[in-house]
Structures are given as C-alpha cells and as structure tokens.
Q: 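Handing you this structure, nothing more for now.
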Protein chains: 2
Amino acid sequence: MENGGERLRWGVRRRLEFIDFRLFWDGRFNRSDLSAAFAISAQQASADIAQYEKIASANLRYDRTEKAYIRTEAFAPAFIGETIERYLLQLVAIENRWMRPEDTWFDAIPPVEVITLGRRPTDPTVLLRVLDAIGKRQEIDIGYASLTGSVQPSRTIAPHALAHSAGRWYVRSWSKDHDDFRDYNLNRIATVSDHRPATIDPTLDFEWVHKINLDIRPNPELSTERQAAVAAEHGMTDGRLLRPCRLSLSFYLMSEYNLDVEPGVLKPEKQQIVLENRDEVTQARALSRQMSIEALARAASAASS
Amino acid sequence: MENGGERLRWGVRRRLEFIDFRLFWDGRFNRSDLSAAFAISAQQASADIAQYEKIASANLRYDRTEKAYIRTEAFAPAFIGETIERYLLQLVAIENRWMRPEDTWFDAIPPVEVITLGRRPTDPTVLLRVLDAIGKRQEIDIGYASLTGSVQPSRTIAPHALAHSAGRWYVRSWSKDHDDFRDYNLNRIATVSDHRPATIDPTLDFEWVHKINLDIRPNPELSTERQAAVAAEHGMTDGRLLRPCRLSLSFYLMSEYNLDVEPGVLKPEKQQIVLENRDEVTQARALSRQMSIEALARAASAASS
DNA sequence: CTATCGCGTCCATTTACTTGACGCGATACT
DNA sequence: AGTATCGCGTCAAGTAAATGGACGCGATAG
C-alpha cells in the first residue's frame, strides 16, 4: 500500500496524489472534484479513480447515497506519504494570506487558527534582484523602508546570503554607507534599482562565516522534573544541546528564546532554556564584528593606494 | 505578460510554470531539466519551451555557449505570479527536513540559512485521526509523550480545533481526565487508539469561543522615533494595533512577543510592543476558563441525573 | 579537425484525453 | 405511484499530446 507505482506518467501521478490528498484531509471526494481540479473530462476522472482503486483498493469505497468516495478505516496514504508538513505549511500560508486557497488542493479548509502578528508579503521583483545579486556577487541600490514608514533614498548593499528566523526573512549584506556587514529585513526592501559587480569579499563577513556551538540547557531554576521535560522536548543529550550556529544568526535565536536575557530576570517558565556560554557567544560576535570592520578598512586602503 | 493563457491543459500549464520558476530562481534552465523533472521526452520539452516563448518571448533567450535558456532583464513572471511565498516556505521546510528537495522544483537550493531549534515532524496517522475526530465530533484516546520522554498511557480527549503559533501545532481539546479544555501539542501525540462519539459540547470552551481585541502599542520606553518605527512595522493606525484573538490563543501571542512580561523588567529592545489591556486579557481568560469548568460540571451533573 | 553534447525539427506511431451517447441506481419532485 | 435529476461507469470514435527514431546545426573539448 505504501508505494504508489512508479511507472505512471507525471500528470496521472499528480491526480492520484490528489485523490490521496482529499481522502486524507476530507475523508471523501467526488469524480467532479477531480475533473474540476485538473480540468479533465468526467470519463478521464473515472479512469483515474479506477487506477487508484487498482493500486490502493482498500483505501476507499463508493457510497451511493453520499454520492462520493469515502475513506475506509484501513486507509493508508499511497501517494502523499510523508509530505504532510508541506500541507500544514500551506494552511499557515493561507491563513496569513500569502497563498490563495485556489492554489492548493484543499476543499474545506480544516478548522485551523493561525496566530501571529503577520508581515508584509514578499515582493517577487525584490526577491529576484536580491537572489541575483547574491548569486552573481553584485552590489545593488535599494530603497529601504525606514521603520518610520517613508522609503529612504537609495542605500548601496552587497548581499551574500538569505536567512530566515521566527517568520522573518533577512538579507545578509555588506553596507556601503557603513562599510560593514549587516542584516536587512527582506520585506522592508521596497525597490532594487541598479546593480554593479561587487567590490568586497563576502568571506570577510566573519560574523557570518564563523560558527559557534550554542550550549543550551534547561533553566536550572525549573523543577528537576520540568527540566527533564524541557530536555526531552528539545532532544537534548545529557541535559544539554549543542546547536551550531553562525554568529550573526545566534542573535535571532537568542532573541526568539529569550536566551539574551540575564538569568533571573524572567520567570523560569518564560525562559525554559538558558545559554550556558552566553558571554562567550556575545564576545565572539563582537570580536568577529570588529575584525570584519578592520579587515574591510584594510581592504579599502589597499585598493585606494 | 502577466496572464499566462488559460486554455492550456493542466499538465502543460504546470510545465510552463516550471520554466517560469526556474527562470525566477536560477535565472536559467535546460531542455533536459524540463524533461527530467516531468519525465517527458526531449521533443515534448522543446514543444513546451516553444509554447512558453510564444506567451512570454521577452522573458528568456537561448545562450549557445551556456547551453541553457537565460533569463533576460525584462523578465516578469508569467505563471508563478504572486505565489512566491509558497516557495520561500518550501525553503524553510527543506532546511527543517520536513520536505525533501526532490519534492520541490529547486535545482540549486539558494544560499538560505534557517535558524530555529526545530521540532519533531508530524505523524500523518496522528494528524488524520485528530482531524477526523474534530470533523466528526469524536473523542479519542491518545498516547501523549509526556515531556519526560516516556509515553503516558492513554488519555481521552475530544479535540475541536487546530491552532498554529510560533512554529508549533496545538490541538484544542476537552480533556476527560481533567474535565476541562486544554491545548495539546500535536507533535507530542504519539498514538491515537480508539474513537467514540464525543459527549461534550465544544461551544462550552469559552476560552476558545470568546475573542478579545489585543490592544497593542509600541513600548513607550522606546524613543519617539523608534516607537514610530515599530508602529510602522506592525501596520498600526494612530499608534495602536487592535488584534482580535481567541482568549486561549492570546497566551501564545503574548508569549511570543513577551507581552506577558511586566513592563520595565525587560530592556525596551526586547519588548518593542506592549499590551495595553494586559490585565483585561488575563482576567477575561481566567474568567472564561472558570466559566467553562462550571458549565462542564453542570452538564455532567445534568447528564447523570 | 574530429568527437561530443544540447538544441530544434521532421516523421510515423502510440498513448492520453475528449466528445458524444447510453444505462444504472439513488434521491427529489409532483 | 411515476418521472425528472444527478453522479457514476462504460462503450465507441475522434483529437491532441507525447514518444521513438533520425538528421542537421553550432559550440566546446580533446
């Protein structure tokens, strides 16, 4: 039941996947659902259903009074397999208005509540230009939505990587105005105007290049029982979790889990994990940052001489 | 250039979308890319490319030395349109190992770094049983991974909704053991064994049913300038944001943004927004919870008499 | 300067899919 | 009752999609 035939044409396979999908999420589907979703004739839909029945006959039965195919108790996904997370993400995207329900296979959207403060959707053109600049090592002029709302006149940046944390997208870039490396919020870049070959070397971004192991442990102020629970939840071994992490990104992870707050300030429930080597991390970050700035200054003076 | 012909067969349309996709993300693609991705012949791939050129000729040109179709400056997505977020989410999913790269259209995964502590992937069977129970108003017996690692013997719950917050999935349910409504972490439900018609009324879950407006403002301890910035970032009007929210979910939102911390405890940068009506919210939540418990008790005694 | 590779295009053939028509069982209408 | 309707399944004939095979072309590698 697990493997859903390899020798099917791509299109047919997608339609059998659709059947699998609807059986999974709704427990039922129609011949007309199938023909509507793929704009195929009823006859073809019938043929596809017959095919699906050949492969996974135990998964469904037709109910004449319901006028629909109903999932059986024995149902086991034959096509969508382990890709459930994908659809869960789609639900989140739909609720956030990043995706239209028509672009998914959902019929009735399950009763899902997504709770977040949201963010601006990403502008395709901006993303494209940024990706290009990263791939081709270009510097670009961007219109950056200053946090006060107005769009600042162009700043020049040379982006070299994209990062995602806590639902936000960041562009790791060299900044011409400041002559150092910084993070720009992707969704705040309003426009990308010009592009030229980049002049700086992204490997000088030590804060990005260098990684460090975050030494994460349950908050010792929690009860022993609760500490064990936290350890289990994060898959710790021997009560600690070593999470390798770029220095510049450690900031976001620390921020997300309140690892950047002095122990004792927050109630332990608000700070279930703590960062054992917090000082080491912040110092390494500051040091790398300083080294980058100096390296950039040296590179600039070498170029001008 | 915007609309990409409606009268194409579904399969062909997907392949033109693929061309659009690869042009967008990689700036280039091959005939062999196309035939490999969809398991079609080279001839058919050629035909598809010709079709794409007919619709959006300005988007690409063939480079003989590169042996590939290259995106032009004038490129404007003709098929993938505004659904960029979808692919950004796929990148996150890939990095989190929730999705395999083969299940997406990405060739070279863009240099994306996803920073999170991760979570267990969702078990399809568990999700299916839970969704069923929600849709058919059933109560189920679950094996819940106690936080200490061991799987607790079965508890009975009657789930009635799914919620997502800060990357985690919750199942809002009535709990038989406690005779009240609680949240269960979906990824900690290890097994779902039996199911029976539910005996309780989910509308008694007042903490879920009742909504409240979270009155969110920039932290007044920030500089005026920075406050304006925060206001802009969250799309506030007149310096405040009213976010309607189920009482039970307000907990997660407050937790995510440190709205549940007393003002003054954290540095303002760690608490850029504050909840003006925090007391109102916590009181309303406690009250609703109490009302639910009493209503459930009344219902139980009425049923036994 | 020949071997190789990827593209484009001609052809005949196979397969997928459509349009059209008909019967069957379950529900809804009068 | 009877009859209209709807969704399913299927047979048959026609069309569009896709394949396998063959050939020429330009660019690159040895």
Side-chain angles (χ1 to χ4, degrees), chain A residues 4-23 26-72 79 107-108, chain B residues 4-23 26-72 79 107-108:
Chain A
E6 293 299 323
R7 323 203 160 276
L8 294 166
R9 285 242 179 122
W10 186 84
V12 184
R13 183 166 231 289
R14 285 292 104 76
R15 297 198 301 258
L16 298 192
E17 256 179 64
F18 175 85
I19 295 176
D20 226 30
F21 177 93
R22 281 291 174 91
L23 284 177
D26 296 340
R28 52 179 298 157
F29 78 99
N30 256 353
R31 184 173 70 162
S32 60
D33 289 339
L34 193 57
S35 59
F38 296 89
I40 56 173
S41 64
Q43 290 89 327
Q44 187 56 38
S46 277
D48 291 337
I49 297 169
Q51 184 114 32
Y52 184 89
E53 280 180 315
K54 232 182 279 174
I55 292 167
S57 52
N59 275 2
L60 76 177
R61 91 193 133 74
Y62 185 68
D63 186 318
R64 296 203 118 93
T65 63
E66 290 266 3
K67 296 200 177 200
Y69 292 87
I70 308 292
R71 166 179 9 113
T72 64
F79 290 89
D107 177 24
Chain B
E6 293 298 325
R7 322 204 160 275
L8 296 165
R9 283 231 185 134
W10 187 85
V12 184
R13 183 167 231 289
R14 285 292 105 76
R15 295 196 303 256
L16 298 192
E17 254 178 64
F18 175 84
I19 295 175
D20 226 30
F21 177 93
R22 280 290 174 93
L23 284 178
D26 296 341
R28 53 178 298 157
F29 77 98
N30 258 352
R31 185 174 69 166
S32 61
D33 288 341
L34 194 57
S35 58
F38 296 90
I40 56 173
S41 65
Q43 292 90 324
Q44 187 56 38
S46 277
D48 291 338
I49 296 169
Q51 183 112 34
Y52 184 88
E53 280 180 316
K54 232 182 281 176
I55 291 168
S57 51
N59 275 2
L60 75 176
R61 93 194 131 75
Y62 185 67
D63 187 319
R64 296 202 118 94
T65 63
E66 290 266 5
K67 295 201 177 199
Y69 292 87
I70 308 293
R71 171 189 351 125
T72 64
F79 290 89
D107 176 25

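Values below: every heavy atom of this structure, side chains too, minus hydrogens, waters and symmetry copies. Proteins get letters first, then strands, A, B, ... in listed order; numbering begins at 1 in each.
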Q: Quick check against the 3.5 Å criterion: does B/Asp63 have a side-chain atom that pairs as donor or acceptor with the backbone of B/Ile70?
A: no
Q: Would the base of D/dG20 count as contacting B/Gln43 through its side chain, where contact means a donor and an acceptor less than 3.5 Å apart?
A: yes
Q: Can you check the B/Asp63 CG to D/dA27 P distance for me, whole Å?
A: 10 Å
Q: Within this structure, what is the CD1-to-P distance between B/Ile40 and D/dG20, rounded to whole angstrom?
A: 12 Å
Q: When you get a sec, tell me which of C/dC7, D/dA18, C/dT27 is the closest nucleotide to the side chain of B/Arg15?
A: D/dA18
Q: Look at the side-chain N and O atoms of B/Asn30 and state whether any lies under 4.0 Å from the OP1 or OP2 oxygen of C/dC7.
A: yes
Q: Quick one: does B/Asp20's side chain have a donor or acceptor within less than 3.5 Å of a partner on B/Glu17's backbone?
A: no
Q: How is A/Tyr69 classified with respect to the nucleic acid when contacts are heavy atoms under 4.0 Å: base, sugar-phosphate, or nothing?
A: sugar-phosphate
Q: Do the side chain of B/Ser57 and the main chain of B/Lys54 share a donor and acceptor less than 3.5 angstrom apart?
A: no
Q: At under 4.0 Å between heavy atoms, what does A/Ala39 touch on the DNA or RNA strands: base, sugar-phosphate, or nothing?
A: sugar-phosphate
Q: State which of D/dC8, D/dA18, C/dT18 makes the closest approach to the side chain of B/Gln44.
A: D/dA18
Q: From CG of B/Leu60 over to C1' of C/dC7, roughly how many Å is that when rounded to an integer?
A: 13 Å
Q: OP1 or OP2 of C/dG8 versus the side-chain N and O atoms of B/Ser46: is any pair under 4.0 Å?
A: yes
Q: Rounded to whole angstrom units, what separation is found between the CG atom of B/Leu34 and the P atom of D/dA18?
A: 11 Å
Q: Rounding to a whole Å, what distance do you find between B/Ile49:CD1 and C/dG6:C1'?
A: 11 Å
Q: Taking the minimum atom-to-atom distance to the side chain of B/Lys67, which one of C/dT18, C/dG6, C/dA26 wins?
A: C/dG6
Q: Between A/Glu66 and A/Asp48, which is nearer to the 5' end of DNA chain C once each is assigned its nearest nucleotide?
A: A/Asp48
Q: Want to settle it: does A/Val12 or B/Tyr62 sit nearer the 5' end of DNA chain C, counting the closest nucleotide to each?
A: B/Tyr62
Q: So A/Arg71 and A/Asn59, side-chain contact (heavy atoms from CB on, under 4.5 Å) or not? Walk me through it.
A: CA-CA 6 Å; A/Arg71 166 179 9 113; A/Asn59 275 2; over 6 Å; no
Q: May I have the distance from B/Arg28 (atom CZ) to C/dC7 (atom P), rounded to whole angstrom?
A: 10 Å
Q: Within the side chain of A/Arg28, is there an N or O that forms a donor-acceptor pair under 3.5 Å with the backbone of A/Tyr69?
A: no
Q: Closest to the B/Arg9 side chain: D/dA18, D/dC8, C/dC17?
A: C/dC17
Q: Just by distance, do the side chain of B/Thr72 and the backbone of B/Ala58 share a donor-acceptor pair under 3.5 Å?
A: yes
Q: Check every atom of D/dT19, C/dA26, C/dC17 against the side chain of A/Arg64 and return the nucleotide holding the closest atom.
A: C/dA26
Q: Does B/Arg31 place a side-chain N or O at less than 4.0 Å from the phosphate oxygens OP1/OP2 of C/dG6?
A: no
Q: In whole angstrom, give the distance that lies between atom CD of A/Glu53 and atom C1' of D/dT10.
A: 14 Å
Q: Could you give the CG-to-P distance, from B/Asp33 to C/dC5, as a whole number of Å?
A: 17 Å
